[in-house]
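Data block below; observations after.
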Amino acid sequence: MISKEELKKLEKLSKLKFQDNDLEKFNTQLNDILEYMKELDELDLTNVESLSNPLGRHNFFREDIANKLFDIEEILKNAPQQYDRFFVVPKII
Amino acid sequence: MIDKTLHELVDLVEKKEITSKEVYEQLLLRIKAKNSQINAYISVIEDFKSKDGMLKGLPIAIKDNIMVKGTKTTCASKMLFNFESIYDATVIKRLKQSGANFIGKTNMDEFAMGSSCETSFFGPVRNPWDRKRVSGGSSGGSAAAVASGLAIASLGSDTGGSIRQPASFCGVVGLKPTYGRVSRFGLVAFASSLDQIGPITRDVKDASLLMNIIAGFDQNDSTSVNIEASNYLECLSEDLSGVKIGVYEDALTSVSDDIARSIDNAIDTFTKLGAVIKKVELPHIKYSISDYYIIACAEASSNLARFDGVKYGYRSQTQSLEEMYVNTRSEGFGAEVKRRIMLGTYVLSSGYYDAYYLRALRLRNLIKMDFDTAFSNLDAIILPTTPTDAFKIGEVTKPLDMYLSDTFTIPANLAGLPAISVPCGISSNNLPLGLQILSNVFREDILLKVAYAFEQQHEFYKKIPIME
């Protein structure tokens, strides 16, 4: 079960912020789901290998050759704020 | 002409009885007049080009998490409400090369997270059979558009049933291909080891036609598989003699009588067609929901870290950078997306990684091995697509209950298998029911053949509620 303190930590890790009453509702819902997941406790999985790609395959990689796919203007078209060739964010220092 | 299938329209265009421009324009008029009744589209594309190729310029509808250059791709989220696609997904490139036009971007659950389209920032999709009910999700807009005559055929994406479940709820055909069969390049990622793009169509022949176009290797998707795809139209046949079909009977203990009856009827049909029917045991499938929600949420929490307000999409105006990240994400994501990010972060966080995430990956292997054993002497497995017919909008309020509605579709994603939903009956609420068929990896040829043979016996596809 997730405690209130843990939930606060998760909020921080997820870069999310909840209102207090929303957080309580979330806690109940998440705990409902984790309670259901307790069914997995009955399984002994110690000698089973993990499977992350469902076909048991490995990702392939392309040759490390640079290809120009987009112009900078195209990329910046979706930027919330931009200046010259840069994404602009709130002042850091 | 709007009630015709894609392959019928291709034939009519070839015979010069109609033009694809007429179809396109008629469809646009219908969408403008009727989309507000079911909310299947987020945006409409008005860009007809004369084309040749296999599809002769006929229009396809695309789920709004797939990039079509020059269109908005919102993922039904406030986070991407203004995001403009700057490139074509590989499936779009392939469709364009085969002569497709595009008619619109369809509504969905936010970031494909949901089973009812109720989590869309743009409001729920309504089921064309009964507008008080959900379309299913997450590709609900694609399914409802095809069912109501607001699209001829469409693409959706399926992470835990998001093509097959809405296809079942709306009475159309939905196919999730083998993991790696269709490129994910240009699909906004939800859970990368589970996501696949696939067709939603009025009949199995249209699904085969679209698969012939979209299937194939792509070096831009590092999980794409270089195994030659068959010509899926040439695989279709009504003769199932010798085909071995397994019935997963455990699924039938928890469903309503009308769903159980629809599966019994399917067994009768397959027997009549010459198939050999066997029982199949899949001992670990019952843990699929737990397994899936650990893996899918873990991957989602990582994939959705990119939405921080810096490079694209929504940004909350704040004084500090940290505040900008947090406020952007808190204001830009809806409740279900946040729930999954939190759950995913939890199962990956130190102290819980081994207990949840690692164990889930191990269980995934057991589920995969169950299917490997089953397919060593079977060609296909059948079970219902969903445990119920389409539920009412607002009826399912607890997240866990919504998750449980994916119980029959999730195993195929965990094991990477191809799976299709075809209409197989009408419930006591006068709503469509779906038969789900699974085959071994890369055997879409057998899958489509079995689905086609079944469909030809019943012609449920002729009953779809094209809106007047």
Side-chain angles (χ1 to χ4, degrees), chain A residues 2 6-7 9-19 22 25-30 32-43 45-63 69-71 74-82 87-92, chain B residues 82-84 86-87 178-180 193-194 219 222-223 225 287 289-291 293-294 301 305 308-315 318-321 323-327 329-330 333 338-339 341-343 345-346 349 356 358-366 368 398-400 403 413-416 441:
Chain A
I2 305 182
E6 275 182 312
L7 212 56
K9 190 181 151 206
L10 286 179
E11 222 184 338
K12 220 173 147 193
L13 287 171
S14 307
K15 292 253 186 282
L16 290 169
K17 191 174 68 191
F18 296 92
Q19 306 290 339
D22 280 347
K25 200 168 89 188
F26 250 62
N27 204 3
T28 317
Q29 290 167 338
L30 290 177
D32 261 3
I33 297 162
L34 292 173
E35 182 65 32
Y36 180 85
M37 288 175 174
K38 275 194 175 157
E39 65 172 2
L40 301 185
D41 293 351
E42 68 197 42
L43 290 164
L45 298 165
T46 34
N47 294 318
V48 185
E49 279 195 45
S50 63
L51 181 75
S52 36
N53 178 308
L55 308 183
R57 286 165 182 262
H58 295 290
N59 292 4
F60 66 86
F61 297 97
R62 294 188 298 276
E63 290 297 314
L69 290 176
F70 305 106
D71 288 330
E74 278 183 289
I75 298 283
L76 285 173
K77 202 154 65 178
N78 280 302
Q81 207 185 335
Q82 49 153 301
F87 297 105
V88 177
V89 294
K91 202 172 168 187
I92 299 169
Chain B
N82 59 357
F83 181 79
E84 194 180 314
I86 59 168
Y87 66 96
T178 308
Y179 184 76
S193 82
L194 301 153
Q219 65 158 1
S222 64
T223 58
V225 177
Y287 302 110
I289 298 257
S290 297
D291 202 39
Y293 278 94
I294 293 170
S301 73
D308 56 8
V310 175
K311 297 183 289 300
Y312 40 72
Y314 175 76
R315 176 189 288 189
T318 54
Q319 297 302 310
S320 81
L321 185 65
E323 252 188 322
M324 186 195 88
Y325 293 146
V326 173
N327 291 7
R329 291 166 63 78
S330 301
F333 289 137
K338 289 180 196 167
R339 205 153 28 236
I341 291 174
M342 292 280 276
L343 189 58
T345 305
Y346 177 73
S349 63
Y356 285 99
L358 193 61
R359 277 173 61 80
L361 291 183
R362 289 179 169 168
L363 172 57
R364 186 178 195 178
N365 207 355
L366 289 185
K368 169 83 177 148
K398 280 172 85 175
L400 178 62
Y403 296 177
N413 300 80
L414 288 170
V441 289

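These numbers come from the heavy atoms of this one structure, side chains and all, not from hydrogens, waters or symmetry mates. Residue numbering restarts at 1 for every chain, and letters A, B, ... go by the order of the sequence lines. Everything numeric here is computed off the predicted structure, so don't read it as measured data.
- In this structure, the side chain of Arg315(B) does not engage the main chain of Val89(A) through any donor-acceptor pair within 3.5 Å.
- Between chain A and the residues Gly416(B), Gly313(B), Ser290(B), the largest count of heavy-atom pairs under 4.5 Å involves Ser290(B).
- For Ser301(B), no part sits under 4.5 Å from any heavy atom of chain A, backbone or side chain.
- Both the backbone and the side chain of Lys311(B) come within less than 4.5 Å of a heavy atom of chain A.
- When each of Ile341(B), Leu194(B), Thr178(B) is checked for heavy-atom pairs under 4.5 Å with chain A, Ile341(B) comes out on top.
- Looking only at heavy-atom pairs under 4.5 Å with chain B, the residue among Arg62(A), Lys12(A), Glu6(A) that has the most is Arg62(A).
- Using a 4.5 Å cut-off between heavy atoms, Thr46(A) contacts chain B through its backbone alone, with no side-chain atom that close.
- In plain terms, the two heavy atoms of Pro54(A) and Leu414(B) that are nearest each other are CB-O, 3.5 Å.
- Considering only heavy atoms from C-beta on, Thr223(B) stays 4.5 Å or farther from Leu55(A) through its side chain.
- Between Lys15(A) and Asp308(B), no side-chain nitrogen of the basic residue sits less than 4.0 Å from a carboxylate oxygen of the acidic one, so the salt-bridge criterion is not met.
- Judged by distance alone, the side chain of Asn78(A) and the main-chain N or O of Phe83(B) form no donor-acceptor pair under 3.5 Å.
- Looking only at side-chain heavy atoms (C-beta outward), Tyr179(B) and Arg57(A) stay at 4.5 Å or farther from each other.
- Of the possible donor and acceptor atoms, one in the side chain of Ser330(B) sits under 3.5 Å from a partner among the backbone N and O of Lys17(A).
- Using a 4.5 Å cut-off between heavy atoms, Tyr293(B) contacts chain A through both its backbone and its side chain.
- Interface check for chain B: of the options Phe26(A), Phe60(A), Phe87(A), Phe18(A), the most heavy-atom pairs under 4.5 Å are formed by Phe60(A).
- When Ile2(A), Leu76(A), Leu10(A) are compared by the number of non-hydrogen pairs under 4.5 Å with chain B, Leu10(A) comes out ahead.
- Looking at Ile75(A), both its backbone and its side chain come within 4.5 Å of chain B, counting heavy atoms on both sides.
- Residue contact with chain B, scored on non-hydrogen atoms closer than 4.5 Å, involves the backbone and the side chain of Leu43(A) alike.
- Among Thr318(B), Leu363(B), Asn327(B), the residue making the largest number of heavy-atom pairs under 4.5 Å with chain A is Leu363(B).
- Taking chain A as the reference chain and counting heavy-atom pairs below 4.5 Å, the highest number among Leu321(B), Ile86(B), Asn82(B) is found for Ile86(B).
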What's the verdict on side-chain contact (heavy atoms from CB on, under 4.5 Å) for Leu45(A) and Asn365(B), showing C-alpha distance, side-chain angles and the deciding distance?
CA-CA 10 Å; Leu45(A) 298 165; Asn365(B) 207 355; over 6 Å; no
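- The environment of NZ in Lys77(A) is crowded: more than 12 heavy-atom neighbours from other residues, nucleotides or ligands sit within 6.0 Å.
- Listed options Asp291(B), Leu358(B), Ile289(B), Val225(B) were ranked by heavy-atom pairs under 4.5 angstrom with chain A; first place goes to Val225(B).
- By the 4.5 Å heavy-atom criterion applied to side chains, Met342(B) and Leu7(A) are counted as neighbours.
- Only the side chain of Val441(B) comes within less than 4.5 Å of a heavy atom in chain A; its backbone stays farther off.
- When all heavy atoms of Leu51(A) and Arg364(B) are compared, the pair lying nearest together is O-CD, 3.3 Å.
- Taken to the nearest 0.5 Å, the OG1 atom of Thr345(B) stands 11.5 Å off from the CD atom of Glu11(A).
- Heavy-atom distances place no part of Phe61(A) under 4.5 Å from chain B, backbone and side chain included.
- If you measure heavy-atom distances from Glu35(A) to chain B, you find no contacts under 4.5 Å at all.
- Here the closest non-hydrogen pair linking Val310(B) and Pro80(A) is O-CD, 3.4 Å.
- For the set Lys25(A), Glu39(A), Glu74(A), the entry with the most heavy-atom pairs within less than 4.5 Å of chain B is Glu39(A).
- For chain B, the option among Asp22(A), Asp32(A), Leu34(A) with the highest count of heavy-atom pairs below 4.5 Å is Leu34(A).
- Of the atoms belonging to Lys398(B), it is side-chain heavy atoms, and not backbone ones, that fall under 4.5 Å from chain A.
- Contact tally against chain B (heavy-atom pairs below 4.5 Å) for Leu40(A), Thr28(A), Val88(A), Ile92(A): the top residue is Leu40(A).
- Only the side chain of Gln29(A) comes within contact range of chain B, judged by heavy atoms closer than 4.5 Å.
- Of the residues considered (Met324(B), Gln319(B), Arg359(B)), Arg359(B) shows the highest number of contacts with chain A, using heavy-atom pairs under 4.5 Å.
- In this structure, chain B has heavy atoms under 4.5 Å from both the backbone and the side chain of Tyr36(A).
- For the residue pair Glu42(A) and Tyr287(B), the shortest heavy atom distance occurs at OE2-OH, 2.5 Å.
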